[in-house]
A.B. asks: 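Can you keep this structure in mind? I'll have questions shortly.
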Amino acid sequence: MLTGASIVSQPTPAGSRAEPVRYNFRETEAKWRAVWEERGTFRATADRSKPKYYVLEMFPYPSGRIHMGHVRNYTQGDVVARYRRAKGFNVLHPMGWDAFGLPAENAAMEKKVHPRKWTYENIATMKAQLKSMGLSLDWSRELATCDPSYYRHQQKMFLDFWKAGLAYRKEAWVNWDPVDNTVLANEQVIDGKGWRTGATVERRKLAQWNLKITQFADELLERLDTMDRWPEKVRLMQANWIGKSEGARVFFELTGPGIAGGEKLEIFTTRPDTLFGASFMAISPDHPLAVRLAASDPALADFIAECRRTGTSAAEIETAEKKGYRTAVSVKHAVKPDETLPVYVANFVLMEYGTGAIFGCPGHDQRDLDFARKYGLKVIPVVLPPGEQAAVFVIRDVAYVEDGTIINSGFLNGLSVADAKRAIIRHLEEKGLGKGTVQYKLRDWLVSRQRYWGCPIPAIHCPACGVVPVPEKDLPVTLPDDVEFDAPGNPLDRHPTWKHVNCPKCGGPAQRETDTFDTFIDSSWYFDRFTSPHCETAPFDREEHEYWMPVDQYIGGVEHAILHLLYSRFWTRAMRTVQLAGRDEPFDGLFTQGMVCHETYRAPDGNWLFPEEVKRSEGGGVVRASDGAPVSVGRSEKMSKSKKNVVDPDQIIRDYGADTARWFMLSDSPPERDLEWTEAGVSGAWRFQQRLYRLLSAAIAGLPPAGSAKPAQFTDAAMALRRAAHRAAAGVGEDIQRFHFNKGVARLYELANAIEAFRLASDADRWALRETLDIFVRLIGPMTPHLGEELWQMLGGQGLLADAPWPAADPALLVDDEVTVAVQVNGKLRATLRLPKDAGKQAAEAAALAMPETQRAMAGKPPKKIVVVPNRIVNVVV
RNA sequence: GCCCCUGUGGCGGAAUUGGUAGACGCGGCAGACUCAAAAUCUGUUGCCCGCAAGGGCGUGUUGGUUCGAGUCCGACCAGGGGCACCA
């Protein structure tokens with residue numbers, strides 16, 4: 001009998017020392033993982049009788065070891081997956097490896113390991129680490145993108161896309177590192193030099209493979225509006241990236257030396273309404289006309305060469321001066337027949353956007369104005385701001401870019417900007433001088449990489465037949481194993497035999513394509529493959545794919561907001577185009593998690609220190625543990641090896657257990673925000689695990705067996721406990737669905753506090769306590785699954801907690817029959833009042849006015865007005 | 001430069017539609033247990049005045065709407081993110 005005693009401070013048996021009950025997480029966690037694995041608890045099979053739920057976290061690059069960002073990502077996904085299982089969904093929760101990529105080649109160069117060996121060793125290590133987290137993953141679906149059984153389908157799909165016109169070759173300017181003999185991505189060029197070699201990067205024109213993502217530009221943009229389970233931020237970033245703008249193309253007739261009769265210059269503008277204000281034309285240094293004119297104009301050739309030397313980094317562009325070179329040619333003004341306009345080559349005009357040529361209207365574009373002032377060109381205002389007089393309005397230092405009334409523009413005069421756009425486009429189209437068009441910033445996806453460790457592009461270059469697809473029967477084109485990394489450049493290119501093949505068309509000697517695919521291709525369809533990863537005849541089994549897709553909940557870092565997610569959306573449409581699948585969108589719900597941060601530490605010599613190298617001194621400062629040297633503590637930043645502010649997940653799991661790591665990841669910080677990793681937070685999470693174990697151990701004795709008949713009567717305290725439990729059941733589920741894990745955690749703390757404060761006095765109390773514990777354990781299951789299973793077993797639960805249903809909240813217990821109402825006088829809180837739920841306005845008013853606190857605050861004045869919000873507030877205005 | 005987001009105790013953060021600001025956790029303080037410490041438990045903890053009862057102030061700053069504003073509107077300040085010669 002524990003009457004009146006706290007259920008926790010249970011007296012220990014006489015004679016025994018008060019040994020605190022300790023939860024042995026090491027043994028227990030391993031035990032339950034073995035049970036799940038042995039029973040195949042998380043293996044998924046398509047079952048049309050149940051609703052499906054596909055939970056996916058972005059698969060990792062096998063860099064060597066998992067980091068805290070992975071732990072956070074996979075914990076969140078696992079909570080969702082386990083919760084959905086408990087709610088009766090047929091859950092697919094797979095894991096794989098984004099296994100191609102440059103780090104493997106760097107490792108090969110530095111450590112003389114073959115990229116394949118390095119990659120698969122890393123996979124083995126990281127798989128063991130992920131397993132130690134107790135994730136509810138179906139490992140039977142594991143895949144690695146570097147496996148030929150995976151990428152053969154990718155090669156096949158590429159051939160299909162090629163046939164359908166979605167893949168093509170195009171000459172493109174690339175950053176060429178002359179030392180490594182390779183192409184560099186823009187972000188690998190620092191101050192015009194290669195990031196690895198320090199060599200000055202050259203701009204070279206190379207034939208490269210491209211995928212026609214621009215074909216879907218409009219669709220990719222329009223569909224964003226309907227994707228309401230994606231973060232607003234990501235949709236906005238994608239919309240900006242696609243960058244739709246409406247305007248017109250206009251043709252200007254060229255005149256001057258070297259110009260053939262009738263030759264035209266085509267420009268793109270979003271402001272055709274300002275055409276009458278044009279005072280110059282500007283073309284890109286890469287524009288064919290510029291290149292042609294340079295052949296007979298050495299000064300222009302120098303100018304173009306100088307432009308090409310200027311880097312493409314953000315900082316350089318910002319500081320680069322706007323410069324132009326006046327060519328010998330001019331154009332006839334499209335709408336003012338007797339005027340001509342000079343043609344400049346300008347360093348700020350991009351060949352890749354629009355037509356690589358613009359017209360300059362200095363009055364209504366700041367950059368054009370700066371240019372015009374610099375080169376002494378005319379400034380003709382053609383939009384009059386409201387309230388200004390046309391006769392006296394002039395543009396000084398600031399271009400006018402807002403709406404207004406059109407002036408100095410012939411038949412457009414008097415129109416608004418929007419009307420003028422419509423009118424001029426109609427005019428241009430009628431006269432054959434131009435046409436209204438839509439322009440996108442989005443460019444086609446360049447997928448060629450001069451690398452070894454990637455998926456080979458299945459194409460053959462034949463001197464007679466040109467570029468020929470590898471026949472399907474010869475797929476996959478696999479990578480040769482015997483490669484050397486001691487020389488710069490692509491090992492595939494200098495391999496003695498690999499690239500030499502016979503042309504599949506004419507049988508003559510030919511060469512393989514030695515470029516490999518951008519690894520973003522690998523990750524553009526892995527989620528499709530997960531639906532049937534062992535299918536040999538196709539990328540996936542169509543029926544399995546139909547059942548499981550789309551991904552219901554995708555979770556990963558916001559750094560993939562544009563590229564990976566946009567490419568995946570494209571790939572899905574490309575597959576639809578070649579009738580491989582019928583979907584438009586791969587990801588129904590998307591969640592982007594925040595980063596994991598930690599304080600940074602620096603020794604007096606300026607070197608970074610790992611968190612485990614520092615300690616708190618007695619004086620409260622932070623010192624180096626080895627010698628007590630003072631340490632300067634920097635602000636919390638994203639964990640990174642370079643600043644050594646990292647904590648190893650392995651270490652945490654070893655010292656505190658997976659459940660503690662998971663619990664800490666979920667508590668306090670909202671999952672979309674950055675999380676600060678602190679020692680105090682971890683030990684707090686650990687203490688809670690221990691506390692729960694003690695709580696259950698102590699409470700369990702003397703409880704009625706599971707399934708005992710419900711008593712007819714409960715005390716108020718027991719009813720309060722039951723209400724708390726049922727409210728938690730409803731609330732935590734809601735929190736998980738809405739990704740408010742931190743709030744769910746807070747509710748569980750509250751319920752634990754209520755359980756601990758509950759005093760047992762009767763059998764009915766014991767029944768209520770068992771009911772509450774039963775609910776509680778089910779609720780913590782998704783968050784701390786190992787401890788959950790252990791407690792579930794202690795409670796005598798049926799089967800595994802991982803298979804147990806989510807507790808159903810009794811609606812009758814979710815509503816209180818009494819509510820607390822706030823009493824305000826002139827909007828200031830003066831008292832609170834307990835009232836029966838849904839008490840009438842009059843009763844509430846009377847009760848509030850009767851309170852001495854109310855009367856005192858009213859100071860004898862009569863009420864002017866009384867506002868009553870039922871069950872909430874009574875506000876007396878005097 | 002353009003676009004977007006966020007500002008709440010010592011700290012992380014709660015607060016359906018405008019309706020009791022600070023749930024929950026961390027940390028602090030006081031106490032219990034202990035020879036002592038750790039662990040654990042109990043109480044307390046926004047700031048200011050007051051012995052107390054009680055009162056005043058308080059969600060980045062500032063102005064407004066409202067019976068009532070963390071929440072809505074305007075201006076500003078600070079921090080973070082994205083894009084960036086995009087015509």
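Here is how names work: the chains are called A, B, and so on, in the same order as the sequence lines, proteins then strands, and each is numbered from 1.
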A.B. asks: So, A:W686 versus A:F664, ring centres under 6.0 angstrom or not?
C.D. replies: no

A.B. asks: Taking the same atom, C1', in B:rC86 and in B:rU6, what whole-Å distance lies between them?
C.D. replies: 29 Å

A.B. asks: Would you mind classifying the nucleic acid contact of A:T678 as base, sugar-phosphate or nothing, using non-hydrogen atoms under 4.0 angstrom?
C.D. replies: nothing

A.B. asks: Counting the atoms with a prime plus P, OP1 and OP2 as sugar-phosphate, which does A:Q824 contact under 4.0 Å by heavy atoms, base, sugar-phosphate, or nothing?
C.D. replies: base

A.B. asks: Less than 3.5 Å between a donor and an acceptor, one on the side chain of A:R367 and one on the base of B:rA87, is that the case here?
C.D. replies: yes

A.B. asks: Sticking with atom P, work out how far B:rC73 lies from B:rU17, rounded to a whole angstrom.
C.D. replies: 14 Å

A.B. asks: Using the P atom as the point on both nucleotides, what is the distance between B:rC41 and B:rG25, in whole Å?
C.D. replies: 12 Å

A.B. asks: Taking atom C1' in both B:rG13 and B:rC77, what distance in whole Å separates the two?
C.D. replies: 24 Å

A.B. asks: Pairs under 3.5 angstrom only: tabulate donor-acceptor contacts from the side chains of residues 826-833 of chain A to other protein residues two or more places apart or in another chain.
C.D. replies:
| unit_1 | atom_1 | unit_2 | atom_2 | d |
| --- | --- | --- | --- | --- |
| A:N826 | OD1 | A:V878 | N | 3.0 |

A.B. asks: Given the P atoms of B:rG74 and B:rA52, what is the spacing between them in whole Å?
C.D. replies: 46 Å

A.B. asks: Going by an N to O cut-off under 4.0 Å, is there a salt bridge joining A:R747 and A:D735?
C.D. replies: yes

A.B. asks: Report which part of the nucleic acid A:N742 touches: base, sugar-phosphate, or nothing (heavy-atom distance under 4.0 Å, all strands).
C.D. replies: sugar-phosphate

A.B. asks: Check whether the side chain of A:K865 and the base of B:rC67 form a donor-acceptor pair under 3.5 Å.
C.D. replies: no

A.B. asks: Fit a plane to each ring of A:W445 and A:Y567, take the angle between them on a 0 to 90° scale, and name the class: parallel (under 30°), tilted (30 to 60°) or perpendicular (over 60°).
C.D. replies: parallel

A.B. asks: At under 4.0 Å between heavy atoms, what does A:N753 touch on the DNA or RNA strands: base, sugar-phosphate, or nothing?
C.D. replies: sugar-phosphate

A.B. asks: Counting any heavy atom closer than 4.0 Å, what does A:R443 reach on the DNA or RNA strands: base, sugar-phosphate only, or nothing?
C.D. replies: base

A.B. asks: With a 4.0 Å cut-off on heavy atoms, is A:L350 in touch with a base, just the backbone sugar-phosphate, or nothing at all?
C.D. replies: base

